[in-house]
Q: 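Here's a structure for you.
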Amino acid sequence: MAFKAGLIQTSVSNEMAENIAFVREQARLARDAGADFIMTPENTGLIGANRAETLQKAETEDGHGMLAAARASARETGTWFLLGSIHVRVPGEEQIRNRSYLIDSSGGIVASYDKIHMFDVQLAGGENYRESSTFKPGERSVLAETPWGVLGMTICYDLRFPYLYRDLAHAGATMLSIPSSFTVPTGQAHWHALMRARAIETGCFVLAPAQVGTHKGSNRKTYGHSVAVAPWGEVLADAGGEKAGFVVADIDLARVADARKMVPSLTHDRTYGAPVLHKAGLAKAAE
């Protein structure tokens, strides 16, 4: 089946109210441009100035302002909506969750996914990230039905763990959501290559709305380039790395079967033993 995906590219601040206003506006504009399925990036609610503010401003699912706004936008526009991720407080837990939501056109929550892989890195330019100090990792992968096909839900740093995407494809995914807040250095080096690789390896469409620019209140900088990638690896839409807004991409899921027929690698998996190190000093002498 075919549909139009609207990828909203945001540059969120540390104030949720203004981020809500922007997402609601862009959702209306994307719908006017023909989008049937609207998606937002990771951290759609806000990006805190620091760990303390991020924890302090996290809200419970039942009272989360951005989740309520996304559900209202879905109802208002009559579209399906992927809220890329928000910071959710679970009562009784010290850490918070980085959670993505799939919402149907009536505003109902179809599925949610907690980010599994934590971005704990020290970049060469001095940028230091320790997501595991703030967020509790998810423990399950998630598939969800949409009117067009099965969606495999992931978030940002998950992108670097290809076995997750292969598992999702084997389980029935024809589309993969990868809402992100990529840093500029890693985005410049790896963003497009990894997005295309995940699409090619799985024969799935990849839909990756992203944060962009310098974020007010935190001074964090993100790479942008929200992309939609076809199963054969073509980039169908790219929002660029300069400004917030949206792009619309035509998605024809018949292309999934076409790509998988040409290169049926999902049917070629084999089991094999764990790697064994052969040490050079133990080589047998030739007789």
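Only heavy atoms go into these numbers, but all of them, side chains included; no hydrogens, no water, no symmetry mates.
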Q: According to a 4.5 Å side-chain heavy-atom criterion applied to Ile, Leu, Val, Met, Phe, Trp and Tyr, with indirect links allowed, do Met39 and Leu194 form part of one hydrophobic cluster?
A: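 Both belong to a single hydrophobic cluster.
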Q: Please determine if Lys216 and Glu18 form a salt bridge, counting it only when a charged side-chain N lies under 4.0 Å from a carboxylate O.
A: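 A salt bridge is present here (some side-chain N lies under 4.0 Å from a carboxylate O).
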Q: Compute whether any side-chain donor of one residue and acceptor of the other, for Ser85 and Asn98, lie under 3.5 angstrom apart.
A: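 Yes, Asn98 and Ser85 have a side-chain donor paired with an acceptor closer than 3.5 Å.
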Q: For Arg89 and Glu61, what are the C-alpha separation, side-chain angles and deciding distance, and is it a salt bridge (Lys or Arg N to Asp or Glu O under 4.0 Å)?
A: CA-CA 7 Å; Arg89 178 164 297 287; Glu61 185 171 277; over 6 Å; no
Q: Kindly assign one of parallel, tilted or perpendicular to the pair Phe161 and His117, based on the angle between their ring planes and the thresholds 30° and 60°.
A: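 The arrangement is parallel - the two ring planes meet at less than 30°.
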Q: Test salt bridge (Lys or Arg N to Asp or Glu O under 4.0 Å) on Glu76 and Arg24; report intermediate values, then the result.
A: CA-CA 10 Å; Glu76 175 187 310; Arg24 293 295 301 273; 2.6 Å; yes
Q: Charged N to carboxylate O below 4.0 Å: is that the case for Lys136 and Glu131?
A: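 Answer for the salt bridge query: no.
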Q: Charged N to carboxylate O below 4.0 Å: is that the case for Asp36 and Lys4?
A: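 No, Asp36 and Lys4 are not salt-bridged.
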Q: Can you see whether Asp104 engages Ser106 through a side-chain donor-acceptor pair at a distance of less than 3.5 angstrom?
A: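 Side chains of Asp104 and Ser106: pair found under 3.5 Å.
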Q: Is there a salt bridge (Lys or Arg N to Asp or Glu O under 4.0 Å) between Glu234 and Arg255 once you walk through the steps?
A: CA-CA 11 Å; Glu234 311 98 307; Arg255 298 185 64 184; 2.5 Å; yes
Q: Do Lys57 and Glu15 meet the salt-bridge criterion of a basic N to acidic O distance under 4.0 Å?
A: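 A salt bridge links Glu15 with Lys57.
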Q: When you measure from the side chain of Glu201 to the backbone of Arg166, do you find a donor-acceptor pair of N or O atoms at a distance under 3.5 Å?
A: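 Flag not set: sc Glu201 to bb Arg166 has no pair under 3.5 Å.
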Q: Does the side chain to side chain contact (heavy atoms under 4.5 Å, CB included) test come out yes or no for Thr202 and Leu168, once each step is laid out?
A: CA-CA 9 Å; Thr202 62; Leu168 290 168; over 6 Å; no
Q: Please say whether more than 12 non-hydrogen atoms of neighbouring residues, nucleotides or ligands are located less than 6.0 Å from CD in Glu145.
A: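 Not more than 12 within 6.0 Å, no.
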Q: Test side chain to side chain contact (heavy atoms under 4.5 Å, CB included) on Trp191 and Ser180 and set out the steps.
A: CA-CA 10 Å; Trp191 174 261; Ser180 298; 3.5 Å; yes
Q: Hey, are His87 and Thr54 close enough side-chain-wise for a donor-acceptor pair under 3.5 Å?
A: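 No - no donor-acceptor pair under 3.5 Å links their side chains.
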Q: Are there over 12 heavy-atom neighbours, none belonging to Gln122, within less than 6.0 Å of that residue's CD?
A: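 Atom CD in Gln122 is crowded, with more than 12 foreign heavy atoms closer than 6.0 Å.
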Q: Between His225 and Phe182 (judged by ring centroids, cut-off 6.0 Å), do the two rings come close enough to count as a pair?
A: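 No, the ring centres sit 6.0 Å or more apart.
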Q: Using 4.0 Å as the upper bound for N to carboxylate O, is an ion pair formed by Asp114 and Arg99?
A: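 A salt bridge links Arg99 with Asp114.
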Q: Can you tell me how the ring of Phe37 sits relative to the ring of Trp148, calling it parallel under 30°, perpendicular over 60° and tilted otherwise?
A: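 Aromatic pair Phe37/Trp148 classed parallel.
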